[in-house]
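Each chain gets a letter, A, B and so on, in the order its sequence line appears, and its residues count up from 1.
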Protein chains: 2
Amino acid sequence: MAVKARLTRETVLWAALELVDRAGLDALSMRSLAKALGVEAMSLYNHVTDKADLLDGIAELVLSGMTLPARTEDCFADVRALAFAFRDAAVAHPQAFPLLATRQLGAAAALRFTEAALAVLRDCGLDERTAVHMLRSFVALLTGSLIREVGASLSFSGKDSAGVRARTEQLAASGFPAVRGAAALLASCDHDAEYAFGVDALIRAMR
Amino acid sequence: MAVKARLTRETVLWAALELVDRAGLDALSMRSLAKALGVEAMSLYNHVTDKADLLDGIAELVLSGMTLPARTEDCFADVRALAFAFRDAAVAHPQAFPLLATRQLGAAAALRFTEAALAVLRDCGLDERTAVHMLRSFVALLTGSLIREVGASLSFSGKDSAGVRARTEQLAASGFPAVRGAAALLASCDHDAEYAFGVDALIRAMR
DNA sequence: ACCTGAACACCGTTCAAGT
DNA sequence: ACCTGAACACCGTTCAAGT
């Protein structure tokens with residue numbers, strides 16, 4: 001709308017992220033993005049080399065939006081805060097998160113986070129090698145948790161009580177005894193609490 | 001080749017998985033799959049409802065190929081064995097793994113694994129609620145680890161020593177002190193050891 | 001330097017028609 | 001019941017042409 005401003009890589013990436021937030025990853029095409037910008041599809045190629053580059057750019061944009069927590073005197077609390085900063089950045093753009101998880105983010109965008117995390121882990125008394133291992137374990141846990149969370153989105157959060165009840169009954173009738181026993185627990189998921197459980201478990205392992 | 005056998009859902013799914021293993025997810029289209037089966041694209045719709053159903057079917061196929069380890073007297077060793085059975089199933093079809101991670105696998109295919117894991121965790125002395133939390137943390141860690149592993153594939157495994165050296169220098173020149181210090185460790189990744197580190201950390205937290 | 005329009009070689013999916 | 005062929009409404013990307 002308004003006057004058609006000159007395109008830049010920044011405006012293209014922001015518009016792409018906005019489109020993904022609003023309509024999902026499947027709705028993002030070079031043509032639909034161009035239309036949202038009031039421009040022809042081919043104009044985009046002056047600012048991104050191809051669609052893969054566009055997706056990389058979106059991932060970097062989301063990652064660069066992460067606010068790193070201030071340090072405190074408690075290094076374990078700092079680890080926890082970093083984990084939740086990661087989550088905050090991800091759930092701010094849930095539809096875009098698969099891009100972060102799936103593609104190898106060219107170190108550049110991730111380095112701020114890596115630097116902060118390594119510094120905190122070293123302060124907790126880990127040697128360099130162990131700090132890197134621990135960082136990788138944390139990132140894997142956080143990534144896996146968030147993939148489940150954004151994949152499950154509404155239906156699994158427990159808000160949809162009819163769905164939860166239906167799933168509980170289905171699990172209870174599965175014929176697997178341990179599954180039957182835990183049916184109600186398996187049928188819904190408090191993502192925030194689940195995330196905290198995992199983070200705290202790894203922190204416990206660290207001590 | 002040979003006589004053109006009648007299509008079934010099974011043959012369609014197996015051919016799809018074979019195509020993904022050989023040429024990657026991007027190479028899988030209804031048309032390319034049909035050609036591989038010596039058939040027209042529209043014939044596939046007699047056996048899968050649409051492409052999403054096809055992808056679900058592939059995910060289930062991979063998951064159903066998992067060999068669950070026999071129980072031992074050591075429940076913690078059993079947890080570890082389950083984690084590596086999960087990894088074995090995934091790396092047998094690395095190109096297909098993003099399908100498992102991304103989509104909500106309709107419980108059915110995952111239940112065998114869930115049942116085995118819950119039983120082992122209960123035997124380790126966890127109550128029902130904690131066992132479910134712990135299972136979710138494990139699955140998140142394993143999923144996140146495997147996404148990194150299949151995403152990084154060759155280049156990051158340490159085999160490509162020129163690449164490792166180039167990445168090390170780049171990280172060392174990044175201007176981030178903690179990153180610079182750990183540059184060599186960050187530049188490559190022994191996926192098997194990394195996986196074991198994460199699994200053992202969570203097991204330590206469990207005890 | 002940046003944007004456009006037409007074109008190419010693809011997609012997933014529908015529908016009516018065959019057997 | 002299952003397979004086909006033509007068609008529809010899309011894709012990403014190229015290229016030559018405009019300004």
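Sparse packing is recorded around CZ of A:R129, with 12 or fewer heavy atoms of other residues, nucleotides or ligands lying under 6.0 Å away.
Within a heavy-atom distance below 4.0 Å of DNA chain D, no residue of residues 8-15 of chain B is found.
Look at CG on A:D26: it is 12 Å from P on C:dG12, rounded to the nearest Å. Between the CG atom of B:L44 and the P atom of D:dA1 there is a distance of 19 Å, rounded to whole Å. Rounding to whole angstrom units, CG of residue B:L33 and C1' of C:dC11 are separated by 14 Å. As rounded to whole Å, 5 Å separates atom C1' of C:dC2 from atom CG of A:N46.
Across all their heavy atoms, A:A92 and A:P94 have their closest contact at C-CD, 3.5 Å. Counting all heavy atoms, side chain and backbone alike, A:A116 lies closest to A:L68 at CB-CD1, 4.1 Å.
In this structure, the side chains of A:L141 and A:S145 come closer than 4.5 Å at one or more pairs of heavy atoms. A 4.5 Å side-chain heavy-atom check between A:P69 and A:D78 finds every atom pair outside the cut-off.
A salt bridge (Lys or Arg N to Asp or Glu O under 4.0 Å) check over residues 11-22 of chain A, counting only residues at least two apart or in different chains, returns the pairs A:E18-A:R22.
Residues B:R9 and B:D53 are paired through a salt bridge, judged by an N-O separation under 4.0 Å between the basic side chain and the carboxylate. A salt bridge does not link B:D127 to B:R122: none of the charged side-chain nitrogens sits closer than 4.0 Å to a carboxylate oxygen.
Within the 4.0 Å cut-off from OP1 or OP2 of D:dC11, at least one side-chain nitrogen or oxygen of A:S29 is found. Dashed line: the shortest gap from a side-chain N or O of B:H47 to OP1 or OP2 of D:dC3 is under 4.0 Å.
Aromatic pair B:F86/B:F138: ring centres not closer than 6.0 Å.
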Validation: residues 39-47 of chain B side-chain donor-acceptor distances under 3.5 Å, sequence neighbours left out:
{"unit_1": "B:S43", "atom_1": "OG", "unit_2": "B:E40", "atom_2": "O", "d": "3.3"}
{"unit_1": "B:N46", "atom_1": "ND2", "unit_2": "B:S43", "atom_2": "O", "d": "3.3"}
{"unit_1": "B:H47", "atom_1": "NE2", "unit_2": "B:L7", "atom_2": "O", "d": "3.2"}

Pairs under 3.5 angstrom only: tabulate donor-acceptor contacts from the side chains of residues 179-193 of chain B to other protein residues two or more places apart or in another chain.
{"unit_1": "B:D190", "atom_1": "OD1", "unit_2": "B:D192", "atom_2": "N", "d": "3.2"}
{"unit_1": "B:D190", "atom_1": "OD1", "unit_2": "B:A193", "atom_2": "N", "d": "3.2"}
{"unit_1": "B:D192", "atom_1": "OD1", "unit_2": "B:R87", "atom_2": "NH1", "d": "2.6"}

Notebook entry, point to check: Dot-bracket for DNA chain D: what is it, with Watson-Crick or G-U pairs under 3.5 Å, [ ] where a pair crosses earlier ones, and | for a pair to another strand?
Noted result: ||.|||||...|||||.||

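Residue B:E40 places its side chain closer to D:dT4 than to any other of C:dC3, C:dT4, D:dT4. In this structure, the nucleotide among C:dG5, D:dC2, C:dC3 sitting nearest to the side chain of B:R6 is D:dC2.
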Item checked: Nucleotide-resolved protein contact map, nucleotides 13-19 of chain C, B/S/- at heavy-atom distance under 4.0 Å -> BBB----

